[in-house]
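Data block below; observations after.
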There are 2 protein chains.
Amino acid sequence: MTEPTPEQIEKLAIAFERFTRRFKVAEASAVLEHSLNALDIQALLFIDDHPECRLGDVARHLQVALTTMSSSADRLVRRDMIERQRPEANRRSVALTITNKGQQAVSGYVDGYRASCKAMLEALDPVDQTEFLRLTQKIAKYDD
Amino acid sequence: MTEPTPEQIEKLAIAFERFTRRFKVAEASAVLEHSLNALDIQALLFIDDHPECRLGDVARHLQVALTTMSSSADRLVRRDMIERQRPEANRRSVALTITNKGQQAVSGYVDGYRASCKAMLEALDPVDQTEFLRLTQKIAKYDD
DNA sequence: ATTGAATAATACGAAATTCGTAGTATGTCT
DNA sequence: AGACATACTACGAATTTCGTATTATTCAAT
C-alpha cells in the first residue's frame with residue numbers, strides 16, 4: 001500500500017520488542033511451572049490444536065528436525081502429557097493426542113498469554129480497544 | 001480502565017501469536033546467517049545498546065545464570081563480536097563492548113526485525129498506520 | 001594496616017538438548 | 001514379489017545451560 005516512514009517503523013519495532021519481552025516472561029513462567037522446555041510447550045500447543053496429528057506435522061510447524069521432535073515426544077510421553085498411537089490406517093505414522101495433564105499445562109500457558117493480551121487492551125479505552133483489534137485483525141489477515 | 005471481553009482477548013491472542021511467529025522466523029535467519037544461537041544474539045543486542053556493560057547486567061536482563069552468560073561471552077569473543085575489558089575502576093568486573101563484526105550481526109538482526117514491522121504497517125492504509133502506531137505507543141507506555 | 005566479608009567473574013563437570021546418520025517398519029506401485 | 005518411498009526411532013557427537021567451587025578484587029571494620 002503506502003510506504004511507512006523509517007521513524008514509524010522504528011517506533012513500532014521498539015513497541016513490539018517490549019510486547020515480545022512480556023510474552024517471553026509469561027512463557028518462561030509456564031515452562032518453569034511444569035518443568036518443560038520451550039520446544040515441548042510449543043509442541044504441546046500444536047498437538048492440543050491438532051489432535052491425532054503426526055510427528056512430522058509438529059516438526060514442520062516448529063521447524064525442527066524430525067529426530068528433535070521425536071525426542072520432544074519422548075519427554076512429553078514420559079511426563080504423561082501426550083499419547084503416541086499407531087493408527088491402523090497408516091501404521092508407519094504416530095498419532096499424537098494430548099492428555100488431561102498436558103491440557104493443564106497448555107491452560108497454564110494460554111492463561112498467561114491471554115493475561116498479557118488483556119493487560120495490553122486494558123491500557124486503552126473501549127473505543128480504542130475496538131479500533132486496535134480491528135487493525136491487528138487486518139494485519140494478521142494480510143499476513144497469510 | 002475497562003474490561004475487554006474474552007472474545008476480544010482471544011482475537012488479540014491469535015493475532016499476536018502470528019506476529020510472534022513472524023519475528024521468530026526473522027530471528028532464526030539472522031541466527032543462521034552468523035551461526036549464533038538465540039542467547040548470543042540477544043546478548044549482542046543488549047551489549048550494543050549498553051556499551052561497557054558488565055556480564056552480570058546482561059545475565060540479569062536475559063534472565064540466565066551468570067555462568068551461562070560467561071560462556072556466551074566466550075563464544076562472542078571467540079567470534080570477534082565483542083571485547084572483554086577489565087576496567088581500572090573496578091577490576092573484578094568486565095566491560096563488554098561490541099566490535100564492528102558484532103555490529104554487523106546486530107544490523108542483520110535489526111534489519112530483519114524492522115522488515116517485519118514494515119510489512120505489518122504496509123497492511124494498513126496511511127490513516128490506519130498512524131492510528132495503529134498511536135495505539136501501540138499508548139500500550140507500550142502503559143507497560144512500564 | 002590487616003582481616004573478613006562481599007562482589008564479580010571464571011573453571012569445570014554433569015545433565016539436557018539438538019541434530020545427523022543409520023536402521024526399522026510399513027505402505028505403494030508396477 | 002521387489003523396489004522405492006514414507007514415517008519414525010536408535011544412537012552418538014557436538015553444543016548449551018547451569019550449579020558448585022575457586023580466584024581476584026574491593027570494601028568495611030577494627
Side-chain angles (χ1 to χ4, degrees), chain A residues 24-25 27-44 46-47 50-79 81-97 105, chain B residues 24-25 27-44 46-47 50-79 81-97 105:
Chain A
K24 263 189 196 154
V25 171
E27 185 182 45
S29 74
V31 158
L32 269 182
E33 197 170 335
H34 297 274
S35 70
L36 294 171
N37 65 32
L39 175 67
D40 294 357
I41 271 276
Q42 292 301 321
L44 216 46
F46 185 86
I47 295 166
H50 302 83
E52 316 220 345
C53 64
R54 294 182 306 175
L55 210 55
D57 300 333
V58 193
R60 216 169 308 115
H61 176 73
L62 299 179
Q63 310 200 61
V64 295
L66 192 60
T67 52
T68 303
M69 203 50 240
S70 189
S71 302
S72 172
D74 286 346
R75 290 191 292 271
L76 291 171
V77 166
R78 201 180 327 127
R79 288 173 202 182
M81 295 199 164
I82 62 168
E83 277 175 9
R84 258 195 188 101
Q85 273 142 6
R86 292 282 175 180
E88 278 309 310
N90 180 352
R91 298 179 28 75
R92 285 173 299 189
S93 64
V94 293
L96 303 174
T97 48
Chain B
K24 264 189 195 153
V25 170
E27 186 182 44
S29 74
V31 158
L32 269 183
E33 198 169 334
H34 298 274
S35 70
L36 294 171
N37 65 31
L39 175 67
D40 294 356
I41 270 277
Q42 291 301 320
L44 215 47
F46 185 86
I47 296 166
H50 302 83
E52 316 221 345
C53 63
R54 295 181 305 175
L55 211 56
D57 300 332
V58 194
R60 216 170 308 115
H61 175 75
L62 299 178
Q63 307 200 61
V64 295
L66 191 60
T67 51
T68 303
M69 203 49 241
S70 189
S71 303
S72 172
D74 286 346
R75 289 191 292 271
L76 290 171
V77 167
R78 201 181 327 128
R79 287 172 204 184
M81 295 199 164
I82 63 169
E83 276 175 10
R84 259 194 187 102
Q85 273 141 4
R86 292 282 175 181
E88 278 309 311
N90 181 351
R91 297 175 31 73
R92 286 171 301 191
S93 63
V94 295
L96 303 174
T97 47

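Small disclaimer: the values here were computed from a predicted structure and weren't measured. All chains are named by letter (A, B, ...) in the order of the sequence lines, taking the proteins before the strands, and each is independently numbered beginning at 1.
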Side chain of [X], heavy atoms from C-beta onward: which of [options] has the nearest atom to it?
X       : options                : result
A/Asn90 : C/dA9, D/dA7, C/dT18   : D/dA7
A/Arg86 : D/dC8, C/dT18, C/dT7   : D/dC8
B/Leu55 : C/dT10, D/dT26, C/dT18 : C/dT10
A/Thr68 : D/dA7, D/dC18, C/dC19  : C/dC19

Looking for any heavy atom pair under 4.0 Å, which part of the strands does A/Asp74 touch: base, sugar-phosphate only, or nothing?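 No contact at all - A/Asp74 keeps every heavy atom at 4.0 Å or more from the nucleic acid.
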Using a heavy-atom cut-off of under 4.0 Å over every strand shown, decide if B/Ser72 touches base, sugar-phosphate, or nothing.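 No contact.
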Taking C-beta and beyond as the side chain, do A/Asp40 and A/Met81 meet within less than 4.5 Å on heavy atoms?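 A/Asp40 vs A/Met81: side chains apart.
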Minimum side-chain heavy-atom gap B/Leu39-B/Arg75 below 4.5 Å: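 B/Leu39 vs B/Arg75: side chains touch.
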Which comes earlier along DNA chain C counting from the 5' end, the contact point of A/Glu88 or that of A/Gln63, where each point is its nearest nucleotide?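 Comparing both residues, the 5'-ward one is A/Gln63.
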Upstream residue (5' side of DNA chain D) when A/Arg92 and A/Ser70 are each assigned their closest nucleotide: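 Mapping each residue to its closest nucleotide by heavy atoms, the 5'-most match is A/Arg92.
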Kindly say if A/Arg84 contacts the phosphate of D/dT9, meaning a side-chain N or O under 4.0 Å from OP1 or OP2.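 For A/Arg84, the contact criterion (side-chain N or O under 4.0 Å from OP1 or OP2 of D/dT9) is met.
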Got a sec: does the CD of B/Gln85 have more than 12 other heavy atoms crowding it under 6.0 Å?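 Counting other residues, nucleotides and ligands, CD of B/Gln85 exceeds 12 neighbours.
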So, under a plain 3.5 Å distance rule, would you say the side chain of A/Arg91 forms a donor-acceptor pair with the base of C/dT26?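 In this structure, the two groups form no donor-acceptor pair.
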